[in-house]
A.B. asks: 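Take this structure, written in structure tokens, and hold onto it; I'll ask about it next.
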Amino acid sequence: MPEGHTIHALADRLTRAFGDSPVTATSPQGRFTADAALLDGRVLEDAAAAGKHLFVDIGDRILHVHLGLIGTFPVIPITDDKPPDPVGTVRLRLVGQEHYADLRGPMVCALIDLDTREAIRSALGPDPLDPAADPGVALMRIRRTRRGIGALLLDQAVVAGIGNVYRCEVLHRHRIDPFAAGTELTEELWWTIWADLVRLLPLGVAFGQILTLAEQVREAEQLVADGRAGPITRSLTGERLGDYFERRFATYQRAGEPCHRCGTILRGEKVSGRRLYWCPGCQTRH
DNA sequence: TATATATGGATAA
DNA sequence: TATCCCTATATAA
């Protein structure tokens, strides 16, 4: 269930649950046994996200995790004196003093060196959750291709961390035709998209769910302003206590239903392998 | 039991 | 564009 906000929140949870203390590392599933042994007993120094990539410094090793489409990495408090037996297919289990974390179904789980991490990072476009990100890099890459903006937003070399939900929803929020060519996207419109992503993604981190409907965004921002965001919906460790907001979107998985803005029937079609949801009635901006 | 689907992405053709 | 990988869950048969 991961777009960039999920990985950034996960990095934060791992750091808070295990930071600066030793962890035991095992591979109950058996596919990561030898590498887990290299991490076992070492200190987890830091966990950080870049787009949808997670990097965890353990001892002098770097653990690289990418959850892909189906991966999960819940960090859970230890309630008895030791963690329960693993349930399902656990590639990697980390255990600290008060928490344990089970990694299931990752697309990538590997130990890498500094150069590899740098290569992965440098291949990514700007990440809206990175305060140092340069959105101009994305604009350059958008303006030199005729590929549609809908496809470009999913390209991690253009923008890092955006997935299928955010791309569909942000295009609808600004009435943008997903098939508008990158070459014809105005600079002003790109700044609008970027600013909106910088606004939306942190709400996704704070609430543990993607919020894009105007009224939900407004309420979420008010809760943040009141200092009530974050632990509302999830414990420190990401244990799911239920979503604070009802799960609702303007376009995502609403093909065949009417657009709440103009009434046109929404469409959902595979575009370059992923299902794109959009409103042909009001998403006409180029 | 089998199949479809999922907030992703690499690789083959 | 098609196929494959990773896993869990929902729905169909």
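Letters A, B, ... are given to chains in the order of the sequence lines, protein chains preceding strands, and every chain is numbered from 1.
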A.B. asks: Looking at the side chain of A/R31, which of B/dG8, C/dA8, C/dC6 is the nearest nucleotide?
C.D. replies: C/dC6

A.B. asks: Stem list for DNA chain B, please, built from Watson-Crick and G-U wobble pairs under 3.5 Å and keeping only runs of at least 3.
C.D. replies: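 Correct response: B:1-6 with C:7-12, B:8-12 with C:1-5.
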
A.B. asks: Could you give all pairs that pass the ring-ring contact (aromatic ring centres under 6.0 Å, His included) test and reach residues 23-53 of chain A, with sequence neighbours left out?
C.D. replies: A/H53-A/H64, A/H53-A/H66

A.B. asks: Between A/Y252 and A/H172, is the ring centroid distance below 6.0 Å?
C.D. replies: no

A.B. asks: One thing to verify: whether A/E187 and A/R143 come together as a salt bridge, which I'm taking to mean a side-chain N less than 4.0 angstrom from a carboxylate O.
C.D. replies: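 No, A/R143 and A/E187 are not salt-bridged.
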
A.B. asks: Between atom CG in A/L54 and atom P in B/dG8, what is the gap in whole Å?
C.D. replies: 16 Å

A.B. asks: Tell me if the side-chain of A/R247 makes a donor-acceptor pair with the base of B/dT7, cut-off 3.5 Å, by modelled atom types.
C.D. replies: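 Flag set: donor-acceptor pair detected.
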
A.B. asks: Output yes when at least one side-chain N/O atom of A/H66 is less than 4.0 Å from OP1 or OP2 of B/dG9, else no.
C.D. replies: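 Yes.
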
A.B. asks: Quick test: give all pairs of protein nitrogen or oxygen and nucleotides 10-12 of chain C nitrogen or oxygen below 3.5 Å, distance rounded to 0.1 Å.
C.D. replies:
none

A.B. asks: Check the phosphate of C/dA8 against A/T89, side-chain N and O only, distance under 4.0 Å to OP1 or OP2. Yes or no?
C.D. replies: yes

A.B. asks: Would you say a side-chain N or O of A/R274 is under 4.0 Å from OP1 or OP2 of B/dG8?
C.D. replies: yes

A.B. asks: Indicate whether OP1 or OP2 belonging to B/dT7 is found under 4.0 Å from a side-chain N or O atom of A/Y277.
C.D. replies: no

A.B. asks: Would one find a side-chain N or O of A/R91 under 4.0 angstrom from OP1 or OP2 of C/dC6?
C.D. replies: no

A.B. asks: Whether the side chain of A/W190 engages the backbone of A/P135 through a donor-acceptor N/O pair (distance < 3.5 Å, no angle test) should be reported.
C.D. replies: yes

A.B. asks: Would you please confirm or rule out a distance under 4.0 Å between OP1 or OP2 of B/dG9 and any side-chain N or O of A/K52?
C.D. replies: yes

A.B. asks: Taking C-beta and beyond as the side chain, do A/R248 and A/T212 meet within less than 4.5 Å on heavy atoms?
C.D. replies: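 Contact flag for A/R248/A/T212 side chains = no.
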
A.B. asks: Within the structure, does a side-chain N or O atom of A/Q29 lie under 4.0 Å from either OP1 or OP2 of C/dT7?
C.D. replies: yes

A.B. asks: Using whole Å, what does the distance between atom P of nucleotide B/dA10 and atom CG of A/L154 come to?
C.D. replies: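 The distance from CG of A/L154 to P of B/dA10 comes to 13 Å, rounded to the nearest Å.
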
A.B. asks: Can you tell me if A/T264 uses its side chain to pair, donor with acceptor, with the backbone of A/C259 under 3.5 Å?
C.D. replies: no

A.B. asks: In whole angstroms, how far is the C1' atom of B/dA10 from the CE atom of A/M107?
C.D. replies: 8 Å

A.B. asks: Does A/D177 use its side chain to pair, donor to acceptor, with the backbone of A/F179 at less than 3.5 Å?
C.D. replies: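 Flag set: sc A/D177 to bb A/F179 pair under 3.5 Å.
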
A.B. asks: It should be established whether A/Q253 places a side-chain nitrogen or oxygen under 4.0 Å from OP1 or OP2 of nucleotide B/dT5.
C.D. replies: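 For B/dT5, OP1/OP2 do not have a side-chain N/O of A/Q253 under 4.0 Å.
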
A.B. asks: Side chain of A/Q283, backbone of A/I176: donor and acceptor closer than 3.5 Å?
C.D. replies: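 Side chain of A/Q283 to backbone of A/I176, a donor-acceptor pair under 3.5 Å: yes, one is there.
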
A.B. asks: With respect to the side chain of A/Q156, which nucleotide from B/dG9, B/dA6, B/dT7 is positioned closest?
C.D. replies: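 The answer is B/dG9.
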
